[in-house]
Structures are given as structure tokens and as C-alpha cells.
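Data block below; observations after.
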Amino acid sequence: MQEFLATTYFWLKAGHIIFVIFWMAGLFILPRQMVYMHASAAGSDEEALWASRTQTLSKVILIPSIILVWVLGLALASAVGAYTQGWFHAKLLLVVLLSGYHGYMSATAKKMARGERPLSEKQLRLFNEVPALATVLVVVLVIVKPF
Ligand code: HEM
């Protein structure tokens with residue numbers, strides 16, 4: 001198994017980065033769509049349109065991407081023996097938090113689709129920055145491997 005993972009290392013890494021890009025693109029778009037849904041009146045056609053867009057984004061981009069990023073990332077970790085390395089522990093913590101953010105925002109989008117407004121527009125705009133911050137920290141950890 002270890003030998004198989006080592007020979008396919010570059011393919012795993014290419015796949016990992018491709019789905020990281022899709023996942024991050026989806027996470028950048030979702031809060032933006034939620035800002036527009038927030039601005040539409042509860043029960044209106046416009047709200048229904050934004051609700052269907054957030055659901056399509058989840059089904060087509062976000063859910064398949066997060067699954068593939070995790071599967072390929074954990075396979076990569078086995079291939080490079082990352083489980084004992086400090087940078088990987090820090091990265092794991094960040095990606096677990098980012099996955100929690102993903103789940104929280106998806107659940108909030110579903111509530112908004114039912115006419116609820118659990119977050120203010122200002123909070124949504126603030127939360128919009130989370131994926132960008134996570135990307136900066138994670139990329140520094142995997143490239144620089146400072147510890
Ligand atoms: C979700 C769980 C994730 C796991 C388990 C994981 C794990 C890994 C591992 C073990 C590597 C190999 C590092 C090496 O070759 O030395 C890697 C590479 C990489 N990861 Fe992740 N990762 C995850 C998510 C992410 C996310 C969210 C991002 C960006 C926001 C990301 C960006 C990258 C990049 C850019 C590389 C390539 C680094 C290089 O060129 O060596 N990963 N990942």
C-alpha cells in the first residue's frame with residue numbers, strides 16, 4: 001500500500017490541489033450568494049432563486065469537493081508520512097475548522113431558504129473572509145512547513 005501511494009504521489013497531489021481550488025471557489029461564492037439572499041424579502045421569488053443557487057452550489061461543487069479534498073489529502077499524508085509532523089498537525093486543525101465553517105454556512109443557508117435570517121448582513125460579509133484567511137495559513141503551512 002505504501003509503495004502504491006508513493007508512486008502515485010504526484011497524481012494524488014494534482015488531484016488534491018484541483019479539488020482544493022474547487023472547494024475554495026465554492027466557499028468564496030457561498031457567503032456572497034447568502035448576502036444576496038439576505039437582501040431579498042422572506043418568501044419572495046428572489047429569495048427562492050438564491051436558495052436554489054446555494055443548494056446547487058452545495059450539491060454540485062461544495063460536497064463533492066470537500067469529500068475528494070479530504071480523501072486525497074489523507075492519502076497524501078500516508079504517502080509522505082505527514083502524521084508525525086508539526087506543520088501537518090496545525091494544518092489538520094485549520095482544515096477541521098474550515099470544514100466546520102463549511103457545515104455551519106450550509107446549515108445557515110438552508111435556514112435562510114426557509115425565510116429565517118440567523119446572521120446579519122454585516123456578519124455574513126465578515127464570515128466571507130474566513131476561507132481567504134484559511135487559504136493563506138494553510139498554503140504557508142504546506143509550502144514553508146515552518147515546523
Ligand atoms: C481537508 C484536509 C486536507 C488534508 C488531510 C491535506 C493534506 C495534505 C498533505 C499531506 C499534503 C502533502 C504535502 C507534501 O507533499 O509534503 C498536501 C498538499 C497540499 N495541500 Fe492539503 N490537505 C487538506 C486540505 C487542504 C486545503 C484546504 C488546502 C488549501 C486551502 C490545501 C492545500 C495544499 C497544497 C497547496 C498542497 C501542495 C503543497 C506542495 O506543493 O507540496 N490542502 N495536503
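Every number for a ligand or one of its atoms is a count from 1 in the order of the listing.
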- Query: In terms of side-chain geometry, is the basic nitrogen of R117 or E47 positioned less than 4.0 Å from the acidic oxygen of its partner?
  - Reply: yes
- Backbone N/O of Q33 and side chain of R53: donor-acceptor pair under 3.5 Å: no
- Query: Given the side-chain rings of F19 and F22, with only the six-membered ring counted for Trp, is the space between their centroids under 6.0 Å?
  - Reply: yes
- Query: Any chain of hydrophobic side-chain contacts (each under 4.5 Å) joining V136 to W23?
  - Reply: no
Contact atoms of ligand 1, heavy-atom distance to [X] under 4.0 Å:
X: I143; result: 38 (C), 39 (C), 40 (O)
X: L74; result: 5 (C)
X: K145; result: 14 (C), 16 (O)

- Query: Does any N or O atom in K13 lie less than 3.5 angstrom from one in ligand 1, N or O only?
  - Reply: yes
- Message: Is there a polar contact between ligand 1 and Y9, counting only N or O atoms under 3.5 Å apart?
- Response: yes
- Query: Going by heavy atoms, is W87 under 4.0 Å from ligand 1?
  - Reply: yes
- Please determine, by modelled atom types, if W50 and H38 share a side-chain donor-acceptor pair under 3.5 angstrom. no
- Query: Considering only heavy atoms, which of A79, A77, A134 lies nearest to atom 10 (C) of ligand 1?
  - Reply: A77
- Task: At a cut-off of 2.8 Å, list the protein N/O/S atoms near atom 21 (Fe) of ligand 1, residue plus atom name.
- Result: H16 NE2, K91 NZ
